S.K.: 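This is the structure, below, for whatever I ask next.
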Protein chains: 2
Amino acid sequence: MPDIAKLIGGKWKLIILQILVFRGMKRFNELRRMIDGVTQTMLTKQLRALEADGLVERKIYPEVPPRVEYTATKRAHELQEMFMAMHDWWVKENPPQKK
Amino acid sequence: MPDIAKLIGGKWKLIILQILVFRGMKRFNELRRMIDGVTQTMLTKQLRALEADGLVERKIYPEVPPRVEYTATKRAHELQEMFMAMHDWWVKENPPQKK
DNA sequence: CTGTATCCTTCATGATACTG
DNA sequence: CAGTATCATGAAGGATACAG
């Protein structure tokens, strides 16, 4: 019944949320480097959408050069269970390879 | 890391899977009636995609009129944990109303 | 460094009509 | 009953240039 897909449905939202939830605060370019293939434009768009949905908080420091920090909100942290269920499922489907 | 979004990302896939996983086998028009707003075209497409991803099984009975039954596969049932986590999150966010 | 503004392409969605 | 075929549309994604 939850239209969770609306919240995490974007192409980059899941990975963004997982980073912020499990690895804590990140700056814009940190996220950019951590997420392979994402462009500046798309990262901004998805972050704005997540912010509008109350899943990400954006903190701007009025410095030069500018610094902006992104953190997962309480609401996003409440999705941890779901992320972990996803992860468990993934591990079950793709058993770790022996080297 | 799982690109679970690819599997359940369609507009109707989540609801289809939840019905088949939690309520068991359904026929085509049963699903159609249970899912508000879905068209025949879209239901067919999403079911075909789910079938291709090994999440739904399609069983055709060579009768007249035709009968086709859809069931969730083992792979789909392994997503139960995730569905339940979604549900719990949803309930937490939208506390049941007192009448 | 962290954006915004355009513009363009692709793809999912869906309306409609027809079929065994 | 359970589809397929066709076509239209808009939203999502993304490349590029510019800005505070």
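Note that this is a predicted model, so its numbers are computed, not measured. Proteins come first, then strands; the chains are lettered A, B, ... in the order of their sequence lines, and each starts at number 1.
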S.K.: Show the numbers, then the answer: is there a side-chain contact (heavy atoms from CB on, under 4.5 Å) between A/Leu55 and A/Ile16?
M.R.: CA-CA 10 Å; A/Leu55 293 171; A/Ile16 293 171; over 6 Å; no

S.K.: Is any side-chain heavy atom of A/Leu79 less than 4.5 Å from a side-chain heavy atom of A/Leu7?
M.R.: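 No, side chains not in contact.
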
S.K.: Can you name the residues that form a side-chain contact (heavy atoms from CB on, under 4.5 Å) with A/Gln40, not counting sequence neighbours?
M.R.: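 With neighbours one apart ignored, the set is A/Phe28, A/Arg32.
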
S.K.: Could you check whether any side-chain heavy atom of B/Met82 comes within less than 4.5 Å of a side-chain heavy atom of B/Leu17, counting everything from C-beta outward?
M.R.: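 Counting from C-beta outward, B/Met82 and B/Leu17 never come under 4.5 Å.
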
S.K.: Can you name the residues that form a side chain to side chain donor-acceptor pair (under 3.5 Å) with B/Gln80, not counting sequence neighbours?
M.R.: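 With neighbours one apart ignored, the set is B/His77.
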
S.K.: Is there a side-chain contact between A/Ile35 and A/Ile19, using heavy atoms and a 4.5 Å cut-off?
M.R.: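 With C-beta onward as the side chain, the pair touches.
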
S.K.: Any side-chain heavy-atom pair from B/Lys26 and B/Leu20 closer than 4.5 angstrom?
M.R.: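 The answer is yes; the side chains approach within 4.5 Å.
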
S.K.: When you compare the protein's N or O atoms with those of nucleotides 11-18 of chain D, which come within less than 3.5 Å of each other, and at what distance?
M.R.:
from	atom 1	to	atom 2	distance (Å)
D/dG13	OP1	A/Lys11	N	2.9
D/dG13	OP2	A/Gln46	NE2	3.1
D/dG14	OP1	A/Lys11	NZ	2.4
D/dG14	OP2	A/Trp12	NE1	3.2
D/dG14	N7	A/Lys45	NZ	3.4
D/dG14	O6	A/Lys45	NZ	3.2
D/dT16	O4	A/Thr41	OG1	2.7

S.K.: State whether B/Tyr70 places a side-chain N or O below 4.0 Å from either non-bridging phosphate oxygen (OP1 or OP2) of D/dC1.
M.R.: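 The answer is no; no side-chain N or O of B/Tyr70 sits under 4.0 Å from OP1 or OP2.
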
S.K.: Which parts of residues 23-34 of chain B get close to DNA chain D, meaning a heavy atom less than 4.0 angstrom away?
M.R.: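 The answer is B/Arg27, B/Phe28, B/Asn29.
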
S.K.: Between the axis at one end of the helix from C/dC1-D/dG20 to C/dG20-D/dC1 and the axis at the other (five pairs apiece), what's the angle to 10 degrees?
M.R.: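 So the angle between the two local helix axes works out to 50°.
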
S.K.: Could you tell me if the side chain of B/Leu31 sits less than 4.5 Å from the side chain of B/Leu47, heavy atoms only?
M.R.: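 Yes. Closest side-chain heavy atoms under 4.5 Å.
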
S.K.: Going by the rule side chain to side chain donor-acceptor pair (under 3.5 Å), which residues pair with B/Glu51 if we only count those two or more places apart in sequence or in a different chain?
M.R.: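 Checked B/Glu51 against side chain to side chain donor-acceptor pair (under 3.5 Å); zero matches.
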
S.K.: Is there a side-chain contact (heavy atoms from CB on, under 4.5 Å) between B/Gln18 and B/His87? Walk through the geometry before answering.
M.R.: CA-CA 10 Å; B/Gln18 285 174 341; B/His87 181 259; over 6 Å; no

S.K.: Which residues satisfy the side chain to side chain donor-acceptor pair (under 3.5 Å) test with B/Arg75, sequence neighbours excluded?
M.R.: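 Counting only residues at least two positions away or on another chain, B/Arg75 forms a side chain to side chain donor-acceptor pair (under 3.5 Å) with A/Glu93.
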
S.K.: 5' to 3' on DNA chain C, which nucleotides open and close the contacts with chain B (atom under 4.0 Å from a heavy atom)?
M.R.: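 From 5' to 3', the first and last contacting nucleotides are C/dT13 to C/dG20.
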
S.K.: For DNA chain C, which residues of residues 47-62 of chain A approach it to below 4.0 angstrom with any heavy atom?
M.R.: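 A/Arg48, A/Arg58 - these, ordered by number, are the residues of the stretch whose heavy atoms sit under 4.0 Å from the strand.
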
S.K.: With sequence neighbours excluded, what pairs up with B/Glu30 under the salt bridge (charged side-chain N to carboxylate O under 4.0 Å, His left out) test?
M.R.: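 Not a single residue meets the salt bridge (charged side-chain N to carboxylate O under 4.0 Å, His left out) criterion with B/Glu30.
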
S.K.: Who passes side chain to side chain donor-acceptor pair (under 3.5 Å) against B/Lys92, sequence neighbours left out?
M.R.: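 B/Lys92 satisfies side chain to side chain donor-acceptor pair (under 3.5 Å) with no other residue.
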
S.K.: Please list all pairs meeting side-chain hydrogen bond (donor to acceptor under 3.5 Å, both in side chains) that have one or both residues in residues 53-66 of chain B, counting only residues at least two apart or in different chains.
M.R.: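 For residues 53-66 of chain B: B/Arg58-B/Tyr70, B/Tyr61-B/Glu69, B/Glu63-B/Arg67.
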
S.K.: May I have the step-by-step check of side-chain contact (heavy atoms from CB on, under 4.5 Å) for B/Lys45 and B/Met42, ending in yes or no?
M.R.: CA-CA 5 Å; B/Lys45 281 187 190 171; B/Met42 282 314 299; 4.3 Å; yes

